[in-house]
Amino acid sequence: LLGGHRSASTEASLRRLEFDSDASVRNAAITSLGRIGDRSTLAYLRAYPNPDEDLTLRSVLQRAIQPLEERFPD
């Protein structure tokens, strides 16, 4: 539900969920940030720790970053 509402408090809540112990919750938060984020979110996701061995996380980050890069080209 948070991913459908763009606000500063929503983004802050989603960023906190990224550290949840459940990988599916973290992945959903990252996906939602990609949907509602702004330029600062793009920078945040680009800097997100991305362990090479976690292919799912890498994929989720790439899918979240892509629409932001399309909306906010450098």
Side-chain angles (χ1 to χ4, degrees):
L1 292 172
L2 288 174
H5 180 69
R6 184 177 296 166
S7 73
S9 62
T10 298
E11 184 160 340
S13 295
L14 288 169
R15 287 186 184 199
R16 281 192 302 277
L17 287 174
E18 290 178 86
F19 300 102
D20 193 277
S21 61
D22 185 330
S24 63
V25 172
R26 289 191 309 268
N27 293 342
I30 291 168
T31 299
S32 294
L33 284 170
R35 191 175 308 118
I36 67 166
D38 57 17
R39 288 184 188 275
S40 68
T41 309
L42 177 57
Y44 177 77
L45 291 176
R46 283 178 174 161
Y48 194 86
N50 185 7
D52 291 333
E53 66 275 2
D54 191 339
L55 298 177
T56 301
L57 176 59
R58 271 195 358 218
S59 176
V60 168
L61 281 167
Q62 288 171 348
R63 286 193 316 267
I65 289 170
Q66 182 181 10
L68 292 172
E69 287 178 334
E70 291 171 2
R71 272 192 302 197
F72 306 109
D74 290 338

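Side chains included, hydrogens not; waters and symmetry mates left out as well; all remaining heavy atoms used. Owing to the predicted nature of the structure, the values given are computational and were not obtained by experimental measurement.
- Placement of Val25 and Phe19 within a single hydrophobic cluster is found when ILVMFWY residues are connected by side-chain heavy-atom separations under 4.5 Å, directly or transitively.
- Side chain of Arg71 to backbone of Gln66: no donor-acceptor contact under 3.5 angstrom is found.
- Residues Leu57 and Ile30 are in side-chain contact: their nearest non-hydrogen atoms beyond the backbone lie under 4.5 Å apart.
- Put simply, the residue from Leu45, Asp74, Leu42 that forms a side-chain contact (heavy atoms from CB on, under 4.5 Å) with Glu69 is Leu42.
- Formation of a donor-acceptor pair under 3.5 Å by the Arg26 side chain with backbone atoms of Leu17 is not found in this model.
- Among residues two or more places apart in sequence or in another chain, the side-chain hydrogen bond (donor to acceptor under 3.5 Å, both in side chains) test is passed with Gln62 by none.
- Note that CD of Glu11 is 3.0 Å distant from OG1 of Thr41, once rounded to the nearest 0.5 Å.
- Contact between Pro67 and Gly34 at its shortest, heavy atoms only, is CG-O, 4.0 Å.
- Taking 4.0 Å as the cut-off between side-chain N and carboxylate O, Asp20 and Arg15 do not count as a salt-bridged pair.
- Between Ile36 and Leu14, some side-chain heavy-atom pair lies under the 4.5 Å cut-off.
- Residues that satisfy the side-chain hydrogen bond (donor to acceptor under 3.5 Å, both in side chains) test with Ser59, not counting sequence neighbours, are Arg63.
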